[in-house]
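Taking it in order: structure first as structure tokens, then the write-up.
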Amino acid sequence: MRHQSFFLLFLLIFVLAACQKSETTDPMTDLNPNPGDTTAFAVLKTGSFIGQNGYPASGTAQIIRDDKQQHFVRLGADFKTSFSTGSVTIYLSKNANLKLSDVASYYRLAAISANGQHDFSISAAQAGDFQFAIVWCAPAGIQFGRAELK
């Protein structure tokens with residue numbers, strides 16, 4: 001029984017420490033399309049994040065298109081999740097739960113380490129192919145949240 005308690009404590013510490021800042025935001029992916037510009041964006045899909053597996057996730061995710069026909073995933077200024085253990089990775093997915101074994105079912109956007117607005121450039125095909133934005137802790141393999149994009 002004592003060994004089992006020790007193992008559970010070790011497992012809990014591992015999960016809490018697994019999402020350290022080893023992942024970094026790729027500045028070429030985390031874009032702010034036309035910062036300070038008044039460019040109009042068409043909202044193609046939108047959804048609200050819900051937390052999963054005991055982790056908080058809230059705010060909006062959108063797929064938008066600018067007047068130059070460029071597509072982006074936008075996490076809204078109201079986007080929040082837990083960063084107390086480090087960064088998380090944002091994915092687009094065809095499934096409500098990320099299936100990393102099926103590479104055709106997801107697209108990795110970037111690792112982020114701050115709440116608030118983030119914009120990620122995507123193709124027009126990707127804008128139509130995916131129905132979910134996923135918040136994922138990669139080292140622990142835990143989904144922190146999702147937003148269904150409709």
Side-chain angles (χ1 to χ4, degrees), residues 11-150:
L11 184 60
L12 178 63
I13 292 169
F14 172 76
V15 168
L16 292 175
C19 290
Q20 294 299 320
K21 293 188 182 269
S22 62
E23 298 182 49
T24 57
T25 302
D26 180 354
M28 298 303 291
T29 305
D30 190 8
L31 302 173
N32 184 1
N34 306 313
D37 193 353
T38 58
T39 302
F41 292 95
V43 176
L44 305 177
K45 295 180 183 180
T46 191
S48 296
F49 279 100
I50 57 168
Q52 294 180 275
N53 300 309
Y55 292 91
S58 62
T60 57
Q62 298 177 320
I63 294 183
I64 59 176
R65 180 182 64 226
D66 68 11
D67 58 358
K68 296 176 185 166
Q69 303 305 307
Q70 296 175 316
H71 292 78
F72 301 90
V73 172
R74 173 169 285 169
L75 304 182
D78 62 346
F79 172 75
K80 291 182 183 177
T81 193
S82 174
F83 290 100
S84 61
T85 59
S87 64
V88 295
T89 305
I90 306 298
Y91 286 86
L92 287 178
S93 176
K94 294 180 181 179
N95 305 298
N97 294 306
L98 192 61
K99 295 182 181 181
L100 292 174
S101 62
D102 181 6
V103 291
S105 72
Y106 67 88
Y107 178 73
R108 182 186 182 277
L109 293 170
I112 61 171
S113 57
N115 290 317
Q117 184 172 321
H118 297 273
D119 295 301
F120 310 100
S121 180
I122 59 173
S123 70
Q126 291 166 330
D129 284 349
F130 298 101
Q131 294 79 36
F132 295 90
I134 304 287
V135 180
W136 182 261
C137 177
I142 298 173
Q143 190 161 312
F144 280 10
R146 71 171 174 245
E148 184 174 5
L149 302 169
K150 300 179 184 180

- Does the pair Phe83 and Thr81 meet the rule for a side chain to side chain contact (heavy atoms under 4.5 Å, CB included), with working shown? CA-CA 6 Å; Phe83 290 100; Thr81 193; 3.4 Å; yes
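- Asn95 places no side-chain N or O within 3.5 Å of a backbone atom of Asn97 that could act as its donor or acceptor partner.
- Under the side-chain contact (heavy atoms from CB on, under 4.5 Å) test applied with Tyr91, the options Trp136, Tyr107, Phe130 reduce to a single match, Trp136.
- Distance check, rounded to the nearest 0.5 Å: NZ of Lys45 to CD of Gln62 gives 13.0 Å.
- Between Val135 and Phe79, the closest side-chain pair of non-hydrogen atoms falls below 4.5 Å.
- Looking at Leu109 and Ile122, their side chains come closer than 4.5 Å, going by heavy atoms from C-beta outward.
- The side-chain heavy atoms of Leu92 and Ile134, taken from C-beta on, include no pair separated by under 4.5 Å.
- Remark: Ser123 pairs with Gln126 by the side-chain hydrogen bond (donor to acceptor under 3.5 Å, both in side chains) rule, at least two apart or across chains.
- Taking Ala61 as the reference, Phe49, Leu75, Ala133, Ala147, Leu149 meet the side chain to side chain contact (heavy atoms under 4.5 Å, CB included) condition, with sequence neighbours excluded.
- Aromatic ring pairs are classed by plane angle as parallel below 30°, tilted from 30° to 60° and perpendicular above 60°; the pair Tyr55 and Phe144 is parallel.
- Interatomic distance, OG of Ser105 versus CG of Leu98, reported as 6.5 Å (0.5 Å rounding).
- Between His118 and Phe120, the two ring planes are parallel [angle under 30°; tilted spans 30° to 60°].
- Residues Phe72 and Arg65 fail the side-chain proximity criterion, which asks for heavy atoms closer than 4.5 Å.
- Leu44 has its side chain within reach of His71: a pair of non-hydrogen atoms, C-beta onward, lies under 4.5 Å apart.
- Within the 4.5 Å cutoff, side-chain heavy atoms of Lys94 are placed close to those of Asp129.
- Not counting sequence neighbours, the partners of Gln143 by the side-chain hydrogen bond (donor to acceptor under 3.5 Å, both in side chains) test are Gln52.
- A 4.5 Å side-chain heavy-atom check between Ile90 and Ile112 finds at least one atom pair inside the cut-off.
- Heavy-atom minimum distance, Ser82 versus Val88: O-CG1, 4.2 Å.
- Residues satisfying the side chain to side chain contact (heavy atoms under 4.5 Å, CB included) test with Ala96, not counting sequence neighbours, are Phe132, Arg146.
- Distance check: Ser48 OG to Lys150 NZ gives 10.0 Å after rounding to the nearest 0.5 Å.
- Looking at residues two or more places apart in sequence or on another chain, you find a side-chain hydrogen bond (donor to acceptor under 3.5 Å, both in side chains) between Thr60 and Asp78.
- The CZ atom of Arg74 lies 11.0 Å from the OG1 atom of Thr46; values are rounded to the nearest 0.5 Å.
- With a 6.0 Å radius and a threshold of 12 heavy atoms from other residues, nucleotides or ligands, Lys80 has its NZ atom at or below the threshold.
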